[in-house]
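To start, the structure under review is shown below, and the notes come after it.
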Amino acid sequence: MTTGSGSQVRAGEGSPAKRSLVPLVVMVGIFAAPVLAAWFLYFNPQFLPSGRSNLGELVTPVVPLPADLALTTPEGRALDRDALAGRWTLVYLAGADCDDACRARLRDLRQIRLALGEASLSVERLLIITDVQGQASGADLAREFEGMRVGITDTADGHRLLDLLGQGEAALGRVYILDPMGNIMMRYAAEAPAKHTLQDMGRLIKASKNWIKGAGYGHK
């Protein structure tokens, strides 16, 4: 009797440990669900009223923005990546110099974000300069395009990022979409109309809107 009772106590003692994993699983599910829902609906447009496909080029497989990719601000501080977590980010890749075409694209990103209306609060803009020689121009661009984040890599890290995207120097001058989980998942040709990016962003955000609210992704 005593042995059986002890066994029951020990068995019971294991239950709280198992139960304690439930909140962790729930939290992981809440964090991932908005992105997974958006991806599912976006890549299966037959479930959306519009039935439209994406206008940008899908990056397959997706390319996580490397955690060890050193990104510094024009002031020399580490870029605050936490500010990008849980948000969709419009990314532009540039070399050391930002010419007229580059500035035109950065204006497009500003207008795309504004055109998203209330949804713009869940969207960031990020300029990645893949050459440390672009630090001075990065400071000028940060002032010119207020609210845009600027991250500068050294030349080696810049080349590594371009290689990860599988395009080398051809990756420069393009707009990319970084999902809320930190994956580069879509890109646009240098000459692609800004309205294509706007439409894709609008559909991605619409697909995940209800999940975003439920998971607390919204920003007031």
Side-chain angles (χ1 to χ4, degrees), residues 56 59 62-116 119-165 167-192 194 196-198 200-201 204-205 217 219:
V59 177
V62 297
V63 176
L65 195 62
D68 62 346
L69 182 72
L71 290 171
T72 59
T73 67
E75 296 77 25
R77 297 190 297 270
L79 181 72
D80 180 15
R81 291 201 187 194
D82 290 342
L84 305 179
R87 296 192 180 195
W88 298 95
T89 303
L90 296 167
V91 181
Y92 183 81
L93 294 186
D97 299 317
C98 186
D99 56 15
D100 290 343
C102 168
R103 279 182 158 78
R105 268 303 190 222
L106 296 181
R107 285 193 291 272
D108 286 343
L109 295 191
R110 181 171 58 193
Q111 293 306 115
I112 289 169
R113 183 178 179 277
L114 290 174
L116 290 169
S120 67
L121 297 175
S122 62
V123 177
E124 290 281 349
R125 292 171 293 148
L126 172 63
L127 167 64
I128 297 181
I129 298 176
T130 59
D131 191 322
V132 71
Q133 299 299 320
Q135 186 168 359
S137 64
D140 292 338
L141 293 169
R143 287 190 292 268
E144 183 177 349
F145 297 94
E146 186 178 357
M148 178 183 70
R149 300 182 186 276
V150 178
I152 303 168
T153 71
D154 61 30
T155 304
D157 263 355
H159 287 164
R160 179 162 66 99
L161 177 59
L162 300 183
D163 289 342
L164 284 173
L165 292 169
Q167 298 176 294
E169 295 293 325
L172 297 174
R174 288 175 174 246
V175 171
Y176 295 81
I177 293 180
L178 185 73
D179 74 20
M181 297 179 74
N183 301 307
I184 297 175
M185 48 79 69
M186 192 170 290
R187 60 177 161 233
Y188 299 83
E191 67 278 7
H196 286 185
T197 308
L198 173 60
D200 281 343
M201 281 298 303
L204 280 168
I205 292 173
Y217 277 12
H219 298 271

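- Heavy-atom minimum distance, Val62 versus Met185: CG1-CB, 3.9 Å.
- Scored by the salt bridge (Lys or Arg N to Asp or Glu O under 4.0 Å) test, Asp140 finds Arg143 as partners (sequence neighbours excluded).
- In this structure, Ile184 and Val91 have side chains that are not in contact, with every pair of non-hydrogen atoms separated by 4.5 Å or more.
- Residues passing the side chain to side chain contact (heavy atoms under 4.5 Å, CB included) test with Ala170 are Gln167, sequence neighbours excluded.
- In plain terms, the two heavy atoms of Gly134 and Ile129 that are nearest each other are O-CD1, 3.6 Å.
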Item to check | Verdict with reasoning, Asp179 to Trp88, per side-chain contact (heavy atoms from CB on, under 4.5 Å) | outcome: CA-CA 5 Å; Asp179 74 20; Trp88 298 95; 3.4 Å; yes
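- Two residues are said to be in side-chain contact when any heavy atoms from C-beta on lie closer than 4.5 Å; Asp200 and Tyr188 meet this criterion.
- Looking at heavy atoms from C-beta onward, Val150 lies out of side-chain contact with Thr73 at the 4.5 angstrom threshold.
- Residues Tyr92 and Asp108 have side chains that never bring a donor and an acceptor to within less than 3.5 angstrom of each other.
- Among all heavy-atom pairs drawn from Arg105 and Glu191, the shortest one is NH2-C, 3.7 Å.
- Within a 6.0 Å radius of CG in Asp97, other residues, nucleotides and ligands contribute 12 heavy atoms or fewer.
- Glu146 CD: 12 or fewer foreign heavy atoms inside a 6.0 Å radius.
- For Arg113, the side chain to side chain contact (heavy atoms under 4.5 Å, CB included) criterion is met by Ser120, Val123, Arg125, not counting sequence neighbours.
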For residues 76-86, dump all side-chain donor-acceptor pairs below 3.5 Å to protein atoms at least two apart in sequence or in another chain.
from, atom 1, to, atom 2, distance (Å)
Asp80, OD1, Asp82, N, 3.2
Arg81, NH1, Pro66, O, 2.8
Arg81, NH2, Pro66, O, 3.0
Arg81, NH2, Leu69, O, 2.6

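- Between Leu141 and Cys98, the shortest heavy-atom distance links the atoms CD1-CB, 3.7 Å.
- Looking at residues two or more places apart in sequence or on another chain, you find a salt bridge (Lys or Arg N to Asp or Glu O under 4.0 Å) between Asp157 and Arg160.
- Of the inter-residue distances, the one linking Asp131 atom CG with Ser137 atom OG reads 9.0 Å to the nearest 0.5 angstrom.
- Summarising the geometry, atom CD1 belonging to Ile177 is positioned 10.0 Å from atom OG1 belonging to Thr89; distances are rounded to the nearest 0.5 Å.
- Taking the side chain as every heavy atom from C-beta outward, Leu71 and Thr153 approach each other to under 4.5 Å.
- Atom CG of Asp154 and atom CD of Gln135 lie 11.5 Å apart (nearest 0.5 Å).
- The nearest pair of heavy atoms linking Ile205 to Ala119 is CG2-CB, 3.7 Å.
- Partner Leu90 forms a side-chain contact (heavy atoms from CB on, under 4.5 Å) with one of Met148, Met201, Glu124, Arg110 and no other, that one being Met201.
- A donor-acceptor contact shorter than 3.5 Å links the side chain of Thr130 to the backbone of Ala94.
- Two residues are said to be in side-chain contact when any heavy atoms from C-beta on lie closer than 4.5 Å; Leu165 and Leu93 meet this criterion.
- In this structure Glu169 satisfies the side chain to side chain contact (heavy atoms under 4.5 Å, CB included) test together with His159, Leu162, Leu172, sequence neighbours excluded.
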